[in-house]
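For the single chain, residues carry numbers from 1 onward in sequence order.
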Amino acid sequence: MEHLKNPRFPHTCVISRRVDDDDPMTDDDDLTIVYQGECRSFDYHTTSETGDVLTSTRKLSLPVRQDEWDEEHPIPKEGDSIVVDKGSYQEYGIVIDRMPSNLGTHILWKYGRN
């Protein structure tokens, strides 16, 4: 009998943040990596007040508990950029919210290039 491969975190992702540096000698497009590693990205279908389905909203599940984020590894925040590698293609987006989950952290993000 063949065993199915169904990992909890089948994707990889990079969450980055623009560095706000007042030094005029540095590049304004400097990014710092907030998180890089395994994750699970999935659609998060919700409806608006008018009943429209918002299909561009996604959730990202990270294997990092709330108490594991610190100064050296800051929690992702609104406006951070996301790149998710799903194997055969990549998805891009922006963090819009974050929340604890029972096995780590959930990131709510909006699909699309910034």
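- Counting heavy atoms from C-beta on, the side chains of S16 and V83 never come closer than 4.5 Å.
- By the criterion of side-chain heavy atoms lying less than 4.5 angstrom apart, applied directly or through intervening Ile, Leu, Val, Met, Phe, Trp or Tyr residues, I75 is grouped together with V95 in one hydrophobic cluster.
- To the nearest 0.5 Å, atoms CD (Q36) and CD1 (I15) are separated by 10.5 Å.
- By the 4.5 Å heavy-atom criterion applied to side chains, C13 and Y35 are counted as neighbours.
- Between the R58 side chain and the L108 main chain, no donor and acceptor come within less than 3.5 Å of each other.
- Annotation for K77 and D80: closest pair N-OD2, 2.9 Å, computed over non-hydrogen atoms.
- Cluster membership for I107 and Y111, using ILVMFWY side-chain heavy atoms within less than 4.5 angstrom, is shared.
- Shortest non-hydrogen contact noted between G79 and I94 is CA-CG2, 3.7 Å.
- For the pair R8 and E38, the salt-bridge criterion is not met [side-chain N within less than 4.0 Å of a carboxylate O].
- Around the CZ atom of R65, the shell of radius 6.0 Å holds no more than 12 heavy atoms that belong to other residues, nucleotides or ligands.
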- Query: Passes side chain to side chain contact (heavy atoms under 4.5 Å, CB included), V14 versus I33? Steps please.
  - Reply: CA-CA 7 Å; V14 176; I33 302 298; 3.6 Å; yes
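- Q66 and G104 make their closest contact through NE2-O, 4.3 Å (heavy atoms, listed as atom of the first residue, atom of the second, distance).
- Atom NZ of K110 is separated from atom CD of E78 by 14.5 Å, given to the nearest 0.5 angstrom.
- F42 does not carry K59 over the face of its six-membered ring by the limits of under 6.0 Å from the centre and within 45° of the normal.
- A distance of 9.0 Å separates CD1 in I82 from CD1 in I96, rounded to the nearest 0.5 Å.
- With sequence neighbours left out, the side chain to side chain contact (heavy atoms under 4.5 Å, CB included) criterion links S101 to H106.
- When side chains are defined from C-beta on, W69 does not count as touching P74, because their heavy atoms never get closer than 4.5 Å.
- Looking only at atom types and distance, the side chain of W109 has no donor-acceptor partner in the side chain of T57 under 3.5 Å away.
- The only option from L60, D85, V64 that meets the side chain to side chain contact (heavy atoms under 4.5 Å, CB included) definition with C39 turns out to be L60.
- Residues E91 and S41 approach most closely at OE1-OG, 3.6 Å, considering heavy atoms.
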